[in-house]
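A short worksheet on the structure shown next.
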Amino acid sequence: MAVVPERRLALLGGGFSTDDDGLLDDWVFGQVRADRPKVCFVPTASGDAPGYVEQFLDACRSRACEPSVLPLFRRELDDAALRLFLLAQDVVYVGGGNTANLLAVWRAHGVDRLLREAYDRGTLLCGISAGANCWADGSHTDSFGPLTYLPDGLGLLPGSVCPHYDSEPGRRDSYRAAVANASLAPGWAVEDGVGALFTGGLLSDAVTRVPRARLYRVEPDEAGGVRERALACRLLDGARQGGVTGAAGGVSRSGT
């Protein structure tokens with residue numbers, strides 16, 4: 001009997017571009033059984049910012065992995081080679097930036113279809129900020145300037161996603177309002193420091209590198225508001241007990 005690959009994706013509230021301890025990256029890479037997983041960084045949302053790419057490559061130098069980068073603003077691979085490249089990856093790691101631009105560029109190059117195929121074949125998809133937003137049916141974003149809702153995404157994770165739930169002024173209230181008035185479907189709000197793993201569209205693990213950080217399930221209630229349920233997150237080994245988020249040096253792409 002053929003083995004059906006697990007369909008998994010992870011939402012990251014941090015990583016190499018924001019944290020100096022590497023705990024969330026270690027956790028997500030550790031979900032792969034390969035001794036040296038092939039990890040492809042996709043910096044589309046930042047416009048393939050060179051500094052962001054260097055941060056990723058620097059972070060991988062001390063890890064047992066085979067890093068690569070997929071640039072699309074100066075694309076090098078034809079369609080056949082692009083498909084083979086993406087399907088060969090164990091992990092696809094999508095960076096932050098502009099969610100709306102990311103989706104538009106991916107569709108222009110057919111990357112959206114290839115990521116769906118990779119997901120169905122068992123590649124672990126993950127990302128931070130815009131790189132977390134993109135997997136859902138919709139998301140909360142500043143792609144158009146002010147915080148607003150974007151009823152668009154790849155639809156691999158049912159519902160909506162809101163990153164930076166605790167760290168950006170107005171983010172929480174704006175997302176709650178979008179869910180309450182049905183501009184966005186019920187979904188997942190990710191505080192900085194949290195990692196959430198979904199298997200087959202269902203939450204299978206939630207971790208944090210910051211003791212008080214949480215993952216929230218946000219759904220409309222019967223009174224025109226929302227129910228916000230905080231989910232316990234497992235504290236990662238090596239997490240700072242004081243709960244201070246360390247900022248890595250270099251370029252950070254925190255737009256969504």
Side-chain angles (χ1 to χ4, degrees), residues 5-46 48-72 76-77 84-97 111 115 118-119 121-132 134-135 163 190 192-199 204-211 213 233-241 244-254:
E6 289 187 316
R7 301 166 67 194
R8 299 183 301 162
L9 60 85
L11 312 179
L12 300 177
F16 68 87
S17 62
T18 60
D19 311 330
D20 59 7
D21 55 26
L23 294 179
L24 286 175
D25 292 334
D26 289 343
W27 168 73
V28 77
F29 291 2
Q31 303 301 318
V32 179
R33 296 184 179 90
D35 292 334
R36 290 183 58 83
K38 295 180 179 179
V39 182
C40 174
F41 181 53
V42 185
T44 313
S46 69
D48 292 347
Y52 204 6
V53 171
E54 284 304 312
Q55 277 187 289
F56 168 73
L57 295 175
D58 285 345
C60 289
R61 287 191 176 98
S62 61
R63 289 186 166 86
C65 66
E66 297 181 21
S68 60
V69 177
L70 176 61
L72 291 176
E76 301 167 351
L77 303 176
L84 291 175
F85 172 74
L86 280 175
L87 295 185
Q89 304 304 313
D90 297 300
V91 179
V92 171
Y93 193 132
V94 180
V111 170
L115 289 174
Y119 177 67
R121 289 171 173 243
T123 298
L124 174 62
L125 308 179
C126 67
I128 177 175
S129 195
C134 61
W135 311 120
V190 183
D192 290 357
V194 166
L197 179 69
F198 295 83
T199 303
S204 54
D205 195 14
V207 300
T208 178
R209 58 176 291 274
V210 181
C233 296
R234 175 170 55 86
L235 189 64
L236 290 167
D237 291 342
R240 293 173 176 169
Q241 296 301 316
V244 178
T245 301
V251 179
S252 174
R253 301 292 164 184
S254 57

Could you check whether the rings of Phe29 and Tyr93 sit parallel, tilted or perpendicular, using 30° and 60° as the cut-offs?
perpendicular
Report the distance from atom CG of Asp192 to atom CG of Asp19, rounding to the nearest 0.5 Å.
8.5 Å
Can you see which heavy atom on Val32 is nearest to which on Pro37, and at what distance?
CG1-CB, 3.9 Å
Salt bridge check: are Asp26 and Arg63 linked by an N-O gap of less than 4.0 Å?
yes
Do Cys40 and Val91 come within less than 4.5 Å of each other through their side chains, counting heavy atoms only?
no
Shortest non-hydrogen pair, Thr199 vs Ser204, comes out as OG1-OG, 2.9 Å
Specify the closest pair of heavy atoms between Arg209 and Ala239, including all atoms of both residues, with the distance to one decimal.
O-CB, 3.4 Å
Could you tell me whether the side chain of Trp27 reaches within less than 4.5 Å of the side chain of Leu12, counting heavy atoms only?
yes
Is it the case that the side chain of Asp48 and the backbone of Leu72 share a donor-acceptor pair, with hydrogens and angles ignored and the cut-off at 3.5 Å?
yes
Taking the side chain from Thr208 and the backbone from Val210, do they hold a donor-acceptor pair closer than 3.5 Å?
yes
Would you name the heavy atoms of Leu9 and Tyr119 that are closest together and state the gap between them?
CD2-CE1, 4.1 Å
Interatomic distance, CG@Leu84 vs CG@Leu77, rounded to 0.5 Å, equals 9.5 Å
Leu115 side chain near Val92 side chain, heavy-atom distance below 4.5 Å:
yes
Shortest non-hydrogen pair, Ala213 vs Val194, comes out as CB-CG2, 3.6 Å
Quick one: CD on Gln89 to OG on Ser68, what's the gap to the nearest 0.5 Å?
4.0 Å
Min side-chain heavy-atom separation Asp205-Val207 under 4.5 Å
yes
Calculate, to the nearest 0.5 Å, the distance between atoms OG and CG belonging to Ser129 and Leu11 respectively.
11.5 Å
Looking only at heavy atoms, which two atoms of Ile128 and Gly15 are closest? And how far apart?
CD1-N, 4.3 Å
